[in-house]
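Input: a single structure, listed below in structure tokens.
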Amino acid sequence: SIKVWNSCSAQMPTNENKRASASEPDQPLALLKALASAWNDDGIRYGVVHGLEGYPSRCGRDIDVLIEESDGLRAIDLATGLMRREGWMCSIYPSKLGVVQIFALRKNQGRWTTLEIDLLLGLRLQWGPVCLVNSQSFDLELYEFDGIRIYPWASFVKRLLIQALAGNWKRLEGRPHDFIIATPELPFVHCGLVRFFGTDCAALILESVDKNDVSGLRRLIPQLKSRLFHQSVLPSNWRASASTCLRWVHGEWVAKIAPRHAAPVVAVVGPDGVGKSSALRELLRLIERDLPFPKVIYRHWRPNVLPRLGAFVGKPPPKPNADGLLLPRRSAGRFGLFRKLYYFIDFQVGYWAKDRIASSNLFLTLYDRCFLDMIVDPIRFGLADGALLTALYRLLPHPDLVVLLLDEPERIHARKAELPVVEIALHLERWRELERKGLVHCVVDVKGTPEDVATVILEHVVVAFQKILQRHN
């Protein structure tokens with residue numbers, strides 16, 4: 001009987017996610033309302049399943065929408081057209097089978113505002129061989145809230161039921177808001193649970209959810225899996241179950257074997273004392289506040305797929321001196337060619353085993369130094385010279401963005417007196433030479449505050465991200 005719930009005093013459950021604070025501008029909310037209106041007018045079959053926590057005062061920056069597969073292209077065209085007319089930078093990323101992500105970014109009053117809309121094509125959500133959400137009952141299970149069509153059963157399945165069936169208990173324990181079911185959603189969730197698990201089991205699930213009892217829900221999982229398995233092998237269901245299972249295996253295989261490049265790999269370089277650490281701290285804060293990356297992975301110099309060379313001979317890692325400074329190495333080691341090839345392999349394997357997979361999951365990778373540092377200061381890494389390093393670098397997958405921080409040698413030396421001014425000046429000249437060769441993408445002067453420097457770098461990160469997504473478009 002609950003079809004429309006649009007009381008002005010009503011509000012969706014609150015999500016304490018840091019990405020959706022009440023202080024953020026309400027531009028994503030206005031854009032989402034306009035987009036829902038456009039889809040409604042065009043007859044698009046859709047249902048929002050995630051991202052409306054705190055609505056109508058605000059919405060999240062990550063909106064998940066189930067949408068009819070045949071309506072997918074029209075929905076994307078309407079969304080991108082509307083976003084561009086409203087002045088948003090808009091890009092599309094087909095992240096994996098059946099999922100298209102639309103990223104909208106706009107700068108307002110000196111900071112970036114982001115809205116990510118994930119279109120889950122096909123009106124289906126599945127766990128293993130069982131399709132828990134399908135298009136057959138879609139129209140009967142929707143309700144409208146302030147003009148936005150919401151799919152409560154699919155929302156419950158995505159945020160809680162599938163996570164429990166998959167055993168993601170740490171995630172559930174850390175997200176108590178996922179257990180909140182809004183009053184208008186409860187009848188739809190109850191009907192869905194009864195359909196798959198029966199009345200008694202549905203009551204036990206709702207009791208555990210109501211009490212936020214993760215351990216109680218965990219005890220029910222063997223029974224839930226058994227019921228789903230028996231349903232999947234019924235003579236009337238086995239064909240559909242086999243098709244669902246094959247689709248799931250295919251999607252997982254494609255995602256694992258051929259991960260797509262999405263989030264940029266960024267390297268910030270420059271001499272010690274130029275202010276990299278301060279700028280990187282500010283940059284991490286700005287990325288988490290403004291951009292759609294769920295995680296930022298920090299790496300110092302290399303991926304570290306291979307162990308430290310000194311570990312093979314039992315040599316301990318270097319320790320700070322009496323002043324607390326970790327002085328750079330200033331003497332070459334043996335087997336220079338072996339060292340170069342060893343580090344080359346680490347960067348090559350590390351990209352495919354770590355950085356590429358992280359990028360496909362929309363995790364931004366941030367390097368403090370990179371392979372280029374060996375070309376500029378080879379002796380720091382135990383190398384007598386930089387011969388072959390430029391050629392080896394050209395054989396590697398490059399970072400999407402290499403940012404050089406620049407300052408006067410005297411000012412750098414005053415901050416951190418690890419190297420003489422003459423040697424710092426020589427390193428800066430080598431960095432500028434790499435810039436002229438196109439191996440460094442941009443130079444940022446550090447005469448401002450760390451926040452000013454990080455803000456400039458953030459602009460370049462946004463541009464690099466847009467270029468990657470445009471290749472997928």
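Note: hydrogens, waters and symmetry copies are ignored here, and every other heavy atom, side chains too, is used. Quick note: residue numbers are just sequence positions, from 1.
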**OP:** Using ring pair (Phe, Tyr, Trp, His ring centres under 6.0 Å) as the criterion, list what pairs up with Tyr46, not counting sequence neighbours.
**Re:** Trp39
Subject >> Gap between atom CZ of Phe196 and atom SG of Cys131 - 0.5 Å precision >> reply: 7.0 Å
Original post:
Between the main-chain N or O of Glu86 and the side-chain N or O of Arg106, is there a donor-acceptor pair closer than 3.5 Å?
Top reply: yes
Subject >> Pairs touching residues 358-372 that satisfy salt bridge (charged side-chain N to carboxylate O under 4.0 Å, His left out), sequence neighbours left out >> reply: Asp272-Arg369, Arg369-Asp373
**OP:** Kindly indicate whether the side chain of Thr113, heavy atoms from C-beta on, has any atom under 4.5 Å from the side chain of Asp290.
**Re:** no
Original post:
Less than 4.5 Å apart, any side-chain heavy atom of His261 and any of Arg471?
Top reply: yes
Original post:
Less than 6.0 Å separating the ring centroids of Tyr343 and Trp301?
Top reply: yes
Subject >> Polar side-chain atom of Lys158 near backbone of Val49 as donor-acceptor pair, under 3.5 Å >> reply: no
**OP:** Report the distance from atom CG of Leu362 to atom CZ of Phe293, rounding to the nearest 0.5 Å.
**Re:** 6.0 Å
Original post:
With Val305, which residues qualify under side-chain contact (heavy atoms from CB on, under 4.5 Å), at least two apart?
Top reply: Pro303, Asp346, Val349, Lys354
Original post:
So how far is it from Thr114 OG1 to Phe465 CZ, rounded to the nearest 0.5 Å?
Top reply: 8.5 Å
Subject >> Any donor-acceptor pair under 3.5 Å from Asn168 side chain to Arg171 backbone >> reply: no
Subject >> Step-by-step side chain to side chain contact (heavy atoms under 4.5 Å, CB included) determination, Val266 to Asp400 >> reply: CA-CA 6 Å; Val266 179; Asp400 300 288; 6.0 Å; no
**OP:** Could you tell me if the ring centre of Tyr143 sits under 6.0 Å from that of Tyr151?
**Re:** no
Original post:
Are any non-hydrogen side-chain atoms of His190 and Leu206 less than 4.5 angstrom apart?
Top reply: yes
**OP:** Give me the ring orientation class for Tyr393 and Phe371: parallel if the planes are under 30° apart, tilted from 30 to 60°, perpendicular past 60°.
**Re:** parallel
Original post:
Does Ser359 reach the main-chain N or O of Ala263 with its side chain, forming a donor-acceptor pair under 3.5 Å?
Top reply: yes
Original post:
Taking atom types as modelled, is there a side-chain donor on Arg159 or Ser155 under 3.5 Å from an acceptor on the other?
Top reply: yes
Subject >> Under the salt bridge (Lys or Arg N to Asp or Glu O under 4.0 Å) test, residues paired with Arg45 that sit two or more places apart >> reply: Glu68, Asp139
**OP:** Check the pair Asp118, Ile63 against side chain to side chain contact (heavy atoms under 4.5 Å, CB included), reporting the backbone distance first and the verdict last.
**Re:** CA-CA 6 Å; Asp118 298 343; Ile63 309 294; over 6 Å; no
Original post:
Any side-chain heavy-atom pair from Arg299 and Asn304 closer than 4.5 angstrom?
Top reply: no
Subject >> Side chains of Asp355 and Tyr367, donor plus acceptor under 3.5 Å >> reply: yes
Subject >> Side-chain H-bond candidate by donor/acceptor type, Asp210 with Ser208, under 3.5 Å >> reply: no
Subject >> Verdict with supporting geometry, Glu141 and Arg149, salt bridge (Lys or Arg N to Asp or Glu O under 4.0 Å) >> reply: CA-CA 10 Å; Glu141 295 179 344; Arg149 293 174 185 169; over 6 Å; no
Original post:
With the threshold set at 4.0 Å, does a side-chain nitrogen-carboxylate oxygen contact exist between Asp77 and Arg74?
Top reply: no
Original post:
From Ile457 CD1 over to Leu280 CG, what is the distance, rounded to the nearest 0.5 angstrom?
Top reply: 6.5 Å
Original post:
Taking only residues two or more places apart in sequence or in another chain, which ones pass side-chain contact (heavy atoms from CB on, under 4.5 Å) with Ser278?
Top reply: Arg281, Pro450
Subject >> Pairs meeting criterion salt bridge (charged side-chain N to carboxylate O under 4.0 Å, His left out) with involvement of residues 446-463, two or more places apart >> reply: Lys107-Glu459, Arg285-Glu451, Asp407-Lys447, Asp445-Lys447
**OP:** Drop me the distance from Leu82's CG to Leu32's CG, to the nearest 0.5 angstrom.
**Re:** 10.5 Å
Subject >> CE on Met89 to CH2 on Trp112, rounded to 0.5 Å >> reply: 4.5 Å
**OP:** Output yes when a side-chain donor or acceptor of Arg302 lies under 3.5 Å from a complementary backbone atom of Leu306, and no otherwise.
**Re:** yes
Original post:
If only atom types and distance count, is the side chain of Arg61 paired as donor or acceptor with the main-chain N or O of Leu291 below 3.5 Å?
Top reply: yes
Original post:
Taking it one step at a time, do His441 and Val403 satisfy side chain to side chain contact (heavy atoms under 4.5 Å, CB included)?
Top reply: CA-CA 6 Å; His441 301 110; Val403 181; over 6 Å; no
Original post:
What's the verdict on side chain to side chain contact (heavy atoms under 4.5 Å, CB included) for Ile287 and Glu282, showing C-alpha distance, side-chain angles and the deciding distance?
Top reply: CA-CA 9 Å; Ile287 290 173; Glu282 284 298 316; over 6 Å; no
**OP:** Would you indicate whether the side-chain heavy atoms of Ile150 and Leu142 approach each other to under 4.5 Å?
**Re:** no
Subject >> Asp200, CG: over 12 other non-hydrogen atoms inside 6.0 angstrom >> reply: no
